[in-house]
Amino acid sequence: MRICQVAAEVAPFAKTGGLGDVVGGLSAYLGRAGHDVRIVMPFYGQLARRPETFIPVDFIQRVPIPMGGRLFSVSALTCKLPGSDVDVYFVSCPELYAQEGIYHGDGSDGVRFGVLTRAAFELCQRMGWGPDVVHCHDWHTALAPVYLKALYDWDRLFDRTRTVLTIHNMAFQGYLSAGYVNDLGLGKHGWMLDTAGGAFNVLKNGLIHADAITAVSRTYAREIQGDQGFGLDWLLRARADRLFGIVNGVDYGEWDPQRDPHLPFHYSADDLAGKREMKRTLLKETGIGEGDLETPIVGIVSRLTAQKGFELGFDVLPALLARRNFRLIALGSGEPKYEDFFQWLQWRFAGRAWFYRGFHNPLAHWIEAGADLFLMPSRFEPCGLNQMYSLRYGTPPIVRKTGGLADTVEPWNAQTGQGTGFVFEHFDAEGLRWALDTALDAWEDRASWGRLMRNGMEKDYSWDVQGREYEELYRRFAG
């Protein structure tokens, strides 16, 4: 199949979260599977500092794209997605993308990503390449189904093209004033748009027109039809026959304790000696409990925002540290109230709690490998990646039953020896307290703990597995 991926983020070129990982990982898999995959993304200002050689596409230079009363001129550069044969096409338009940063956080983003989405179709035309699938991601490129119908339906190159729109996080929908419809080049097509209440919701209009809609886990696909729909639950229920949940894959090339380049000691499910050495190394690096390998470590690597649910820990974690024997090692940044809380824990429980404010990629790998448990008490979690990393690293996750966490972590049952982690259902302090106590109690049974670790390490959430579900979806709608 011919598959065009259009996204604001693609790892390793531009990434703020899981979106970039998914587009890069899925595309690489589809390329390995023999499909003709081409990615379209902006040429952000910071890309000029990357080591790759970006080659200008000589027949895609100074392409005019009219958007309302403005005329944008775009050109294309290209290089391979690292580690693959997939071509990435970078849309160069200095007035839109030359500034630092992926997002501006204002109405200009609507136009910036509208031009990107239009450019994807213009590039296809100039390459004479009719994609079977245009796969767009989140609100940034959600207008691809609209543009295809409104502006490119005359071109027989796209006769067989079907659109897939993936929702990575329903909380972000691209709210613009209705006046932006003209700025997005859709002023003559208002009849096919929803501008109720004098507003233009980019994601909403994409959802109306997409041939297929995916969410990044099965549970999240159900949740967004209810209380996590952020006002569009009714629309997703109406389109339920076109809505599918597919759990994201993970890159075991980067996240595998057998060959992780960030780890000084490696290990596998058959030989866990390296994990014990990683725990020793982590304790030494953080300066807490050096040499004490018998006390469990609860690890955290997270953005510190309301979504991640750490307010549940404001009362639970201090009380638990006061009465249970464990250590807490956290890495993250975000809202000051969460950063201040973890900083206070480090002061209040010196030698037992430790916090790194910011992001440190090697340390994130060390925590996954050296911790005994990994905490993710999310309020909502469309998919989540860290719980799947934790499973691979033999670090059983403690999670709330939501989104991708519910789909990837199976509750541990010591009687049957089945399960991979600890799951609490309700978003309240009592649920978190129960889960942490249950996990710490399970740690005491060291004979069964090894079984729990190995259960998780045997799970396979690689793109080689998850990517097949996207192939099946593409064939269903574009076959």
Side-chain angles (χ1 to χ4, degrees), residues 1-44 46-57 76-91 102 120 123 127 129 131 133 135-137 141 166 168 216 246-263 266 268 301 359-362 364-366 368-369 383-386 388-389 391-393 457 459-471 474:
M1 288 180 288
R2 296 181 299 276
I3 303 158
C4 180
Q5 301 275 0
V6 191
E9 301 180 31
V10 181
F13 302 109
K15 170 186 167 179
T16 62
L19 167 60
D21 289 320
V22 170
V23 180
L26 173 59
S27 299
Y29 162 75
L30 292 168
R32 292 194 301 273
H35 303 289
D36 183 355
V37 186
R38 306 182 190 187
I39 304 173
V40 182
M41 66 172 290
F43 189 69
Y44 297 113
Q46 61 266 32
L47 290 178
R49 296 195 298 271
R50 288 189 61 87
E52 291 85 359
T53 300
F54 300 101
I55 302 170
V57 182
L77 303 94
T78 188
C79 75
K80 296 291 185 183
L81 183 69
S84 79
D85 288 326
V86 172
D87 290 315
V88 183
Y89 291 90
F90 299 86
V91 176
I102 297 173
L123 267 60
M127 290 187 288
W129 183 73
V133 174
H135 191 161
C136 51
H137 297 265
T141 57
T166 293
H168 296 262
V216 290
I246 301 176
V247 173
N248 288 337
V250 297
D251 181 3
Y252 288 139
E254 181 182 0
W255 292 94
D256 188 328
Q258 294 187 77
R259 53 182 179 270
D260 187 330
H262 299 290
L263 303 186
H266 295 101
S268 68
V301 177
F359 184 69
H360 189 297
N361 190 45
H365 288 250
W366 282 32
E368 289 283 11
C383 180
L385 295 173
N386 277 101
M388 292 187 277
Y389 300 155
L391 293 173
R392 193 68 160 190
Y393 282 68
M457 297 179 79
K459 293 296 180 181
D460 186 352
Y461 290 106
S462 67
W463 277 114
D464 287 341
V465 173
Q466 303 306 114
R468 294 172 197 160
E469 295 191 44
Y470 277 104
E471 286 184 284
Y474 294 158

Nearest 0.5 Å please: distance from the [atom1] atom of [X] over to the [atom2] atom of [Y].
X: Gln466; Y: Cys383; atom1: CD; atom2: SG; value: 8.0 Å
X: Phe90; Y: Phe54; atom1: CZ; atom2: CZ; value: 4.5 Å
X: Leu26; Y: Thr166; atom1: CG; atom2: OG1; value: 8.0 Å
X: Ile3; Y: Ile39; atom1: CD1; atom2: CD1; value: 11.0 Å
X: Asp460; Y: Leu391; atom1: CG; atom2: CG; value: 11.5 Å

The single option from Trp255, Tyr389, Tyr393 passing side-chain hydrogen bond (donor to acceptor under 3.5 Å, both in side chains) against Asp260: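 Exactly one option meets the side-chain hydrogen bond (donor to acceptor under 3.5 Å, both in side chains) with Asp260, and it is Tyr393.
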Please report the shortest heavy-atom distance between [X] and [Y], naming the atom on each side.
X: Gln5; Y: Ser27; result: CG-OG, 3.4 Å
X: Tyr44; Y: Ala8; result: OH-O, 2.6 Å
X: Ala11; Y: Asp21; result: CB-OD1, 3.7 Å
X: Pro12; Y: Leu81; result: CD-CD1, 4.3 Å
X: Ala14; Y: Ile102; result: CB-CD1, 3.7 Å
X: Gly17; Y: Glu9; result: N-OE1, 3.6 Å

Expected output: side-chain Arg392 to main-chain Tyr461 donor-acceptor under 3.5 Å: no
Side-chain donor or acceptor of Gln258 paired with backbone N/O of Ser268 under 3.5 Å: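 Checking the backbone N and O of Ser268 against the side chain of Gln258, no donor-acceptor pair under 3.5 Å is found.
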Parallel, tilted or perpendicular, as decided by the 30° and 60° cut-offs, for the rings of Tyr470 and Trp463: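 Trp463 and Tyr470: tilted rings.
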Geometric class of the His135/His137 ring pair [parallel <30°, tilted 30-60°, perpendicular >60°]: parallel
Any side-chain heavy atom of [X] sitting closer than 4.5 Å to one from [Y]?
X: Tyr29; Y: Glu471; result: yes
X: Ile55; Y: Cys79; result: no
X: His365; Y: Glu254; result: yes
X: Lys80; Y: Asp87; result: yes
X: Leu263; Y: Trp366; result: yes
X: Tyr252; Y: Asp464; result: no
X: Met41; Y: Val23; result: no
X: Leu30; Y: Met1; result: no

CA sep, side-chain torsions, deciding dist, call: Tyr474, His35, side-chain contact (heavy atoms from CB on, under 4.5 Å): CA-CA 11 Å; Tyr474 294 158; His35 303 289; over 6 Å; no
Working for side-chain hydrogen bond (donor to acceptor under 3.5 Å, both in side chains), residues Glu368 and Asn386: CA-CA 8 Å; Glu368 289 283 11; Asn386 277 101; 2.8 Å; yes
Under the salt bridge (Lys or Arg N to Asp or Glu O under 4.0 Å) test, residues paired with Asp36 that sit two or more places apart: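 Arg38.
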